[in-house]
Structure formats: C-alpha cells, structure tokens
Amino acid sequence: MCGIFGCVGTIDYGKAIECVKRIRHRGPDSMAVVQLEGITLGHTRLAILDKDKGADQPMQDSSGRYTIVYNGEVYNFVELRRDLELKGYQFRTYTDTEVLLYSYIEWGEAFQQKCNGMWALAIWDDFEKRLFLSRDRFGIKPLYIYKKNGNFYFASEMKAFFPVMTERVPNKRIFIQKDYFNYEASNECSIVGIEKLAAGTVAFFENGSLEKKRWWNTLDHLYMVPKSYEEQVEMLRELFLDACKLRMRSDVPIGTALSGGIDSSCTIGAMSYLSESYTERKTDDWQHAFVAHMPGTVCDETRYAEIAARYIGISVNHVNINSCIKAEELLRYMYLCEDPYPNTSPVPHMQTYNGISNAGIKVTLDGHGADELFGGYRGDLFSACIDAGIGTKSYENIIGTFNEMSGEHISANSSEVIDRIKSNLKADNVYGIKNTYFDEMDEYNKRLYIQTHYRILPTLLRCYDKFSMASGVEIRMPFMDYRIVCFAFSIPWDSKVRNRYTKAIVRDMARPFMTKKILDRKQKIGFGAPCTEWFKGELKEFLLDIVYSKDFCECELVNAFDTRIDVNAFFKNEKADLRDGARIWARILPYLWKKAVIDCA
C-alpha cells in the first residue's frame, strides 16, 4: 500500500518532490522520484510484502522499457508469479509489484481479469511513450487526474496536485445540492478541474490524448448458484474463508478494527479459524484487535467487541477516542480526508487507525462491504417488500425486521410503508442502468447493486482509504473479494432477508467460527461519532463559535441563517438522537471542509 504520483510532460524535480511529500503519510517507509524522458514518477511506500529496499518503487522491468508505480495489494500474486515463471520470467524481489509489472508485459490489459485484489497503478512504456493507468474493479484504491499547461498528472490523492495548482475552487454543485453520496461513483471531484479515474476503468495517455475504457462490470460476471439456501451458505463460506486466507498474506503483523458488529466479527473469526492452516506467505501474527472506545456514548461497542474477541481467545486493544481536540487538529483530519463526508465527524475513524498504527500494525482485515452487498441497512428493506408481495406473511416479517432494527413501530398496513417503497424506487430509477441481467434482478438486489456500485459503498471506500492511510495503515476487505461481490448479486433477495434477520446468509455462513451472541444481534449502530452527545457536551462552545462567526456567515457553501436556527432548535430538543447530531455536523461540514482543503497552504 502506497502513494503514487506522476506527470507526463515537464515538471521541475523539486516541484515533483513537493507533490509527493503531500502524500508521504500513505507510505512512510520510503519515498522516491525518478525522471525519465517524457515522464516523472513518484512513490511513497508502505512496506508490507518484501520489506527489502530492492522492492521499492518506481520499479523497472529487466529491460528498462517499462516502469511501474503502484498502490494496493494483489493477493493472488503467488499464483500469478508461478504462472509467469513457467513462461520463463525471472524475479529479483518477493513483492506483488514485480508480479504485476510482468503480468502486464505478458498479458496486456487482460492481466486485470486474473488479479484478485485492490489497486491503482501506472505503467510507463518508455519505447512507445505511452502511459497505462488502471483502477481495481470497485475503486477500493483511489486514482485522481489533473491537466494543466499541457501536463498530465495523476496521483493517489488530490492534495498531491496542490503544489502545481494556482488556485483551488470548490465544486459548488456538490454542496448546494448536498450530493455527497452520488459523485464518488462518477469522474467528478469536490475540487474543480480534478477528475478521478472511475472504478473498473483503464486509461491510456499518449501524444497528449487520454483514452478511457471500462474493463469491469459486475453484471457480466454473475454466477450460477445452487437453488438450495443451505448450499448457498456453504458456497459463501468457502468463498469468504478463501478471501480471508489470501488477505492474510503479509510480511508484517496484521490486525482488525473490531466493532463487535457482524461483519468485523466474521472477519476476525475467520482469521482465527484459518490460523492453523497453511497458505504460502500467510502471516501467523494476526491476533491484534482494536476497538474505538467511547465509553458512555451510544456509539461505543466495546462490550460486543470483547464478546467476539473472547470467543476466539484473544484480547482487544482499546483505542480511546478523544473528542476534545483543537480546531486545528480537526481541520488537519479533514485535510487528510480531502472530501466531505456528511454522516459523521471523522474523529473516531482517524484516531482509531492512528492508534492501530501506533501499536505497530500496518495492515487490518476489516468487514467493509457486507452491508451493501447483503443488505445491512434497514431503509433498503422496503425494496424487499415489493419482492415479498404486499400483504403476504413474508412482507409482514420484513416490516417486523425493520421495526426490530430501528426501534420504530410502523404498521405493515400503513401508508408510510408504501411511501418508503415509492421513495426507494424513485431514488434508484435515476441511475438508468440498462442491462438485461440488472432488469432480471429482484427489487431488493437492484437496490443493493446501486448502493454497492453507485451510492453508499464508493463513498465509504474512499473515506476508509483516507482514514487509514492518513496513519499508514492498509485496510484489506474480504467481503470485497470480486468473487463474493459476484456471488452476492447472483442469489435471490430471500437469501439475504430471512427469518426476520438481515444479512441472513452472512450470519449463517459464519456460525462455525463466531458466537451466536454476535451473529444474532439485530441492533445496528454503525461506526460513527456520537455527535449529539459531543455537541451538547464538550463541543458545544466549539459549535457555537463556528456558527456565529463572521467567517461562517460569509462562507458561500453554507446557509448560515438556517444553520443557526437548526443549531438553536437542536439545543432545545431534549430528545435529540444520533441522527440529529449528524444533521448538525452536515450543516457545518462544508465550512470546515473549505477551511481545511481549499483555504489551507
């Protein structure tokens, strides 16, 4: 896991160093910039596989024609290397970087279909003077693009371009329309003039021209799955255990950000289950669990994390979350995150991965992706109501599941249910997906497909990359193994919502290696900041100072008058819950983001 930078064109060496230093946090182990004819390439390295200096980047092939800079991990590199060795390739390192480079040389663009992992990479062909860019199937690793004065730039983070930008202009559309969860899946960015290479896309830059091409579409890779639910459970278990086994390949210790929720608990349970089995390059040093400790708040899940850890016989490291940070520190967090995230403050996430890094852990296996793939959000359940059929027993069970998760008590016969069903359909229709396989999906899977590929998950992947890499920690996500993603959209809706449980097939898959106390949990908290408690407590003065400041009033990205009204109502509301605090955070977010990202040096 690393940070990459490049410029096709002319850039001063010192300026290139400035650009790469902006993303040094992504790769604290080494940094290098090389200038070739027509291109400058920079890299900051987080050494995980083959820690020797000989594995540093930029890396060239034996002929000197091809040079790669690469951010990510390809977990099946051992198997790919064997295939290449049979074809006569010789390797001088034990890293996946060299395997990827020779895979491209041998198979061209088709090498991507062979890779199981996450990546953003660039390969320069010095003979053709052509740049190849690639981003993994789901955009787990970021790749940004910027053009100026005939130069073509790319980087792992937008801030790498700041030294060559004369001004930074916010993309007002995102803030005015509050379009925080849709733009990530597009080429659009929060700063005008910067684009991103979309997930599952390749690009070639040659003779001043950029040509993009989509290389991955999940809908083209769906499976024939068993009709029996029990057989589906077995199939998912086999896929998940293999995904975890591959992601345990490391030359450094690995850990887990453990919330005590189903997904992270499944992940560490699988790691324990696999610990006695042999896999080439798999580490035995995996027993490092970390939980964000926020005692006395609604967001604290320490108790559940300890139950999960105790079940597999390990202890949990508490990362104490400190809300009383200075304004400068919060702005630093937001600068590192780069993009606006309206749901919650980044404080718990940034401090958790910083605590993991301080404990000497560079890699975590976390549970991200399961909620979107298998249906962990209660609001999505209303789409399943269509599949169940209004008024059926299955329909009533779905509404009962919603009530048990949310604490609400809506009637199955109420107009509110119909309104929420219509709302889901209206929201999903805006994407206009034209694909026969999509058309044949049930409504619940259509909803989850959109959450996975267009709405929630792309945003969360971006955020967690920044949360963790700010402290030099790599997150590996077994649920985002492409085989599991394809499986998730090949099974019917009622394998996901079953017996008044969401993510039923995930729960049943994990029963051999995780306790019933975790797998049968219905309450979903989510990893966020207890903004209501913080804003009404230790951060009250901080909040009021912001919304009544002259600077806030003059910020073009917020409505200062309406925000003050909402803040005053928030303080008067004695029953304010977690969502109320999140709404206040979303109100002040554009102002804080502008100060941190646009106005900073």
Side-chain angles (χ1 to χ4, degrees), residues 1 72 118 120 135-143 156-157 174 178-186 188-190 196 198-200 218 256-259 261-264 266-267 292 299 301 333-334 336-353 364-380 427 431 447-471 473-482 484-485 488 502-503 506 524-529 531 578-579 582 585-586 589 593:
M1 189 68 68
M118 55 182 182
R135 195 171 177 206
D136 67 67
R137 294 171 177 85
F138 311 113
I140 301 173
K141 292 293 101 188
L143 188 55
S156 296
E157 297 186 11
I174 291 171
K178 296 180 173 57
D179 188 23
Y180 298 116
F181 282 101
N182 287 311
Y183 79 92
E184 184 58 34
S186 71
E188 198 173 5
C189 290
S190 55
K196 66 176 76 74
T218 301
T256 304
L258 180 62
S259 69
I262 294 167
D263 311 328
S264 62
C266 285
T267 301
C299 292
E301 292 195 274
Y333 287 168
M334 299 192 71
L336 290 166
C337 290
E338 290 191 325
D339 278 277
Y341 182 55
N343 277 18
T344 187
S345 161
V347 169
H349 312 77
M350 298 291 281
Q351 292 185 0
T352 296
Y353 287 102
T364 63
L365 269 66
D366 295 354
H368 308 302
D371 284 327
E372 293 77 17
L373 293 169
F374 294 100
Y377 301 122
R378 59 180 183 261
D380 293 335
Y431 296 95
R447 174 76 173 181
L448 298 182
Y449 184 88
I450 287 169
Q451 299 288 46
T452 297
H453 293 85
Y454 293 92
R455 192 182 290 142
I456 294 179
L457 188 59
T459 303
L460 292 181
L461 294 176
R462 179 199 73 212
C463 289
Y464 276 95
D465 173 82
K466 304 292 173 57
F467 293 153
S468 61
M469 292 306 293
S471 297
V473 174
E474 169 183 297
I475 300 178
R476 299 178 176 182
M477 308 176 186
F479 282 107
M480 293 307 298
D481 186 300
Y482 75 94
I484 292 177
V485 175
T502 58
K503 293 191 291 192
V506 174
K524 181 173 179 58
I525 296 174
F527 187 16
C531 288
L578 191 63
R579 289 171 293 184
W585 168 258
L589 169 67
W593 175 84

Item to check | Ring geometry between Tyr454 and Tyr449 (parallel below 30°, tilted from 30 to 60°, perpendicular above 60°) | outcome: tilted

Checklist outcome for this item: side chain to side chain contact (heavy atoms under 4.5 Å, CB included) test vs Cys337 passes for just one of His349, Met350, Glu157, namely Met350

Checklist entry - Taking NZ, NE, NH1 and NH2 as the nitrogens, is one of them in Lys141 or Asp136 under 4.0 Å from a carboxylate oxygen of the other? => result no

Checklist entry - Residues in ring-ring contact (aromatic ring centres under 6.0 Å, His included) with Tyr353, at least two apart? => result none

Item to check | Heavy-atom side-chain proximity of Val485 to Phe138 below 4.5 angstrom | outcome: yes

Checklist entry - Side chains of Pro478 and Ile484: does their closest heavy-atom pair fall under 4.5 Å? => result no

Checklist entry - About how many Å separate CE of Met480 and CE of Met118, when rounded to the nearest 0.5 Å? => result 11.0 Å

Checklist entry - Considering residues at least two apart in sequence or located in another chain, which fulfil the side chain to side chain contact (heavy atoms under 4.5 Å, CB included) criterion with Thr352? => result Ala292, Ile321, Ile356, Phe527

Next on the checklist: Do Ser190 and Tyr183 make a side-chain contact, defined as non-hydrogen atoms from C-beta onward lying under 4.5 Å apart?
Outcome noted: yes

Next on the checklist: If only side-chain N and O atoms count, and only distance matters, is there a donor-acceptor pair under 3.5 Å linking Tyr431 with Asn182?
Outcome noted: yes

Checklist entry - So Arg462 and Lys196, side-chain contact (heavy atoms from CB on, under 4.5 Å) or not? Walk me through it. => result CA-CA 11 Å; Arg462 179 199 73 212; Lys196 66 176 76 74; 5.9 Å; no

Checklist outcome for this item: Between Phe479 and Gly367 the two heavy atoms that sit nearest each other are CD1-O, 3.7 Å

Item to check | Minimum-distance pair of heavy atoms, taken over all atoms of Ala199 and Arg137 | outcome: CB-O, 3.6 Å

Item to check | Gap between atom CD of Glu474 and atom CE of Met469 - 0.5 Å precision | outcome: 7.5 Å

Checklist outcome for this item: Rounded to the nearest 0.5 Å, the CZ atom of Phe374 sits from the CG atom of Asp263 at a distance of 9.5 Å

Next on the checklist: Could you report the tightest heavy-atom contact between Ala582 and Cys531, atom names first, then the distance?
Outcome noted: N-CB, 4.2 Å

Checklist entry - Do Ser468 and Thr364 have side chains that get closer than 4.5 Å, going by heavy atoms? => result no

Next on the checklist: Quick one, Leu589 and Met334 - any side-chain contact, counting heavy atoms below 4.5 Å?
Outcome noted: yes

Next on the checklist: Looking at every non-hydrogen atom in both residues, tell me the closest pair between Leu448 and Leu373 and how far apart they are.
Outcome noted: CD1-O, 3.7 Å

Next on the checklist: Does any part of the side chain of Leu461, heavy atoms only, come nearer than 4.5 Å to the side chain of Leu457, both counted from C-beta?
Outcome noted: yes

Next on the checklist: For Glu372, is there any backbone N or O sitting under 3.5 Å from a side-chain donor or acceptor partner on Thr452?
Outcome noted: yes

Next on the checklist: Using 0.5 Å steps for rounding, measure from the CG atom of Asp465 to the CG atom of Asp339.
Outcome noted: 11.0 Å

Checklist entry - Sequence neighbours excluded, which residues qualify as ring-ring contact (aromatic ring centres under 6.0 Å, His included) partners of Trp593? => result Phe175

Next on the checklist: Could you tell me if Tyr464 and Asp366 have a donor-acceptor pair between their side chains, going purely by distance under 3.5 Å?
Outcome noted: no

Checklist outcome for this item: When every non-hydrogen atom of Pro458 is compared with those of Glu184, the smallest separation belongs to O-CG, 3.3 Å

Next on the checklist: Could you go through Tyr180 and Thr459, starting from their C-alpha distance and side-chain angles, then the distance that decides it, and tell me whether this counts as side-chain contact (heavy atoms from CB on, under 4.5 Å)?
Outcome noted: CA-CA 8 Å; Tyr180 298 116; Thr459 303; over 6 Å; no

Item to check | Side chains of Lys503 and Asp371 in contact at under 4.5 Å (non-hydrogen atoms) | outcome: yes

Checklist outcome for this item: Heavy-atom nearest pair, Cys189 first then Ile174, reads O-CD1, 3.6 Å

Next on the checklist: When you compare the side chain of Phe467 with that of Pro348, does any pair of heavy atoms fall below 4.5 Å?
Outcome noted: no

Checklist entry - Rounded to the nearest 0.5 Å, how far apart are CG of Leu460 and NE2 of His368? => result 8.5 Å

